[in-house]
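In what follows, every chain begins at residue 1, and chains take the letters A, B, ... in the order their sequences are listed. Both backbone and side-chain heavy atoms feed into the values below; hydrogens, waters and symmetry mates do not.
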Amino acid sequence: MRYSQMFIPTLREAPSDAEVASQKLMMRAGYIRKLAAGVYSYLPLALRVLRKVEAIVRDEMAKAGADELLLPIVMPAELWKETGRWDYYGKELLRFKDRHERDFCIGPTHEEAITDLVRNAVKSWRDLPKNLFQIQTKFRDEIRPRFGLMRGREFIMKDGYSFDVDEGAAKETYQKMHEAYEKIFTRCGLKFRAVEAGTGTIGGSLSHEFQVLADSGEDAILACDHCKYAANVEKAEIRKGPGTKDQGPRTKSKYKKVITPGKKGVEDVAPFLKIKVEQIVKTLIFETDKGAIAGLVRGDHNIKEDKLKILAGLEWCHLAEEKTVNTVTGAPSGYSGPVGLNIPVYVDQELSMMENFCVGANEKDAHLIDVNLGDFKIEKEGDIRAAVEGDGCPRCDKGKLHEHRGIEVGQVFYLGTKYSEAMQAKYLDQNGKEKTMVMGCYGIGIGRTAAAAIEQNHDEKGIVWPAPIAPFQVEVIALNRDQEVMDAAEKIYTDLTQAGVEVLYDDRDERAGVKFADADLIGIPFYVVIGSRGLKDKVVELKTRQSGEIQKIALSDIVQHLSKNCHIVPGTW
RNA sequence: CGGAGUGUGGCUCAGCCUGGUAGAGCGCUUGCUUCGGGAGCAAGAGGUCCGGGGUUCAAAUCCCCGCACUCCGACCA
């Protein structure tokens, strides 16, 4: 393409509302423009990058046996009511009514639509397995869209869904997808890590996220420094400490009540009683599908609701509102404690390492000290707290967990029969017996992958694209408008293009400095610089964006040199 | 959803407190010079000052109501 014909509106300065590197650079380099909060236009350069990522995705999906289709973006409420997500999904689901006052939504994900399709079309074990995917614009009305393409409301996603005859086959498919994802992100030139993840609103029981490592990442992940274990904080397990073995019958102690006027949080209570926060046990009241429950963790730790849900066998749970706390404990929030509480109490496994700790007294302005586990009834004990930097690895004896920041670019879920059950996606097996299909689902944020690549690959001058997803492979820069220079550049451009290399030819009537600055900003991997000086010696310069390295190459060799090194077939780079 | 902030040419921002003809830099147009890392000089174009209402002789500026955008928080007893 000729630069003069393309639409590449670069900016000297980034718009003031841009936050992170990828957003600033994509705005400045003319890749994206914002239309509304979390809603962006993809300009020609960006579209080329997205197409590159998509091409890699399509190639790997084909190799993994997945088949592409395209589902509607707009869906009727009925489908979502079948799975219950019309009520559960919350405000992220953008809803509206059509002219007949019928409820519709814009798809944030497509389990319902695909399951509906498959249940109607697939009736026999002979038709299974099916692994289907699409690449489509999604809309999630995020509470706080930010960071450009990293958390937009409208975004392009590859979403895939698999249907298998049983759990074993479904888990094999899951594994196959996991491997395909590793290939995809490797081919995109990203440094990433597959981590164990929670399942959120999608549901299911087994899941991995593919996290691109970058300081600007929104997710915290914990990785073992000794073995392969890595997980999202939402999910990370914790190795039991040495003192946590069952201590047998717990004795009652003679706890004492102390007055703690106005001291609510652990941060207030600890200094007031001159104890460490580690000697306090926090009591959190939750509302759940099984009524109110209490969760106990050490003062400096936090409860992970997902873990609590598993331990207590809950469908849902969220922290109780002030009113509920009042009813359950008889005291304002801030003074809750387990002693005398008549709702089920779940305690973190690490409390068995503690003795004579402090808890709320269920009475305003009072706490209890010298409390022990024998002083109250425990429903169940287990790992319910969030892992933190330095915790022991759950998979090996030696390792410790360390925190990293990550950008989630993909996630794979083993769904089991959550949706197929709810939506009656059944088939007849070899024996003519009706069985429920077993599902998996697999997503990749296409735009986010591109943004993550920039987060990982940029410098003060601009973007440094990994070659496989760069909008062009080579930029040809004619340094001035001398006939000789223009002719040489023109020829290199047409010859390279004919050789199958994707070339951006900067034919603009601009000064050299402007062209170099724009080239650095746009981030194409190689530039061929053609100037009068070099042409005297019949050479051009080949500059590598990443290293800044410049080599002189004979005018007669440049096309061959580049076409040998710059293939456009995805992944063969 | 709660709190805070911002809205002025394409971009970055000043002006607002203390009301009185709407500004700068960059970008854009034209001409001349220049031409290997965001050139110089000169002349230009371009703005419902987010919207609506109010106060006033007079509102970008003060007041009220909206809207949009951004940031922080949104469960931790």
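For B:C13, the OP1/OP2 oxygens have a side-chain nitrogen or oxygen of A:S16 closer than 4.0 Å. At B:G36, none of the side-chain N or O atoms of A:R533 fall inside 4.0 Å of OP1 or OP2 (strictly under the cut-off). Regarding contacts with the backbone of B:A39, a side-chain N or O of A:R511 is found under 4.0 angstrom from either OP1 or OP2. Distances shorter than 4.0 Å separate some side-chain N or O of A:K34 from OP1 or OP2 on B:U70.
A residue-by-residue look at A:A512 and A:V266 shows that A:A512 has its nearest nucleotide of RNA chain B further toward the 5' end.
Side-chain N/O atoms of A:E541 and base N/O atoms of B:G36 include a donor-acceptor pair closer than 3.5 Å. Side-chain atoms of A:E19 stay outside donor-acceptor range of the base of B:C71, with no qualifying N/O pair under 3.5 Å. At a cut-off of 3.5 angstrom, the base of B:G38 holds at least one donor-acceptor pair with the side chain of A:D518.
One can place CD of A:E287 at 14 Å from C1' of B:A77, the figure rounded to the nearest angstrom.
Partner A:Y40 forms a side-chain hydrogen bond (donor to acceptor under 3.5 Å, both in side chains) with one of A:K34, A:R153, A:E154, A:Q23 and no other, that one being A:Q23.
Of the C1' atoms belonging to B:A43 and B:C62, the separation is 40 Å, rounded to the nearest Å. Comparing the P positions of B:U18 and B:C63 gives a spacing of 10 Å, expressed to the nearest Å. For the P atom pair drawn from B:C28 and B:G38, the interatomic distance equals 15 Å after rounding to whole Å. Taking atom C1' on both B:C67 and B:U29, the two are 35 Å apart, rounded to the nearest angstrom. Taking atom C1' on both nucleotides, B:G7 is separated from B:C50 by 6 Å, rounded to a whole Å. Annotation: B:A45 and B:C26 have their C1' atoms spaced 16 Å apart (nearest Å). With both ends at atom C1', the span from B:U56 to B:U61 equals 13 Å, rounded to whole Å.
Of the candidate nucleotides B:G38, B:G36, B:C11, B:G38 has the atom lying nearest to any side-chain atom of A:V514.
Residue A:K81 qualifies as enclosed at atom NZ: its count of foreign heavy atoms under 6.0 Å is above 12. In this structure, A:Q560 places its CD atom where only 12 or fewer heavy-atom neighbours from other residues, nucleotides or ligands lie under 6.0 Å away.
For A:R2 and A:Y493, the positive end is not near the middle of the six-membered ring at less than 6.0 Å and at most 45° from its axis.
Relative orientation of the A:Y527 and A:F516 rings is tilted, given thresholds of 30° and 60° on the angle between their planes.
Here B:G46 sits opposite no nucleotide as a Watson-Crick or G-U wobble pair (both hydrogen-bonding atom distances under 3.5 Å).
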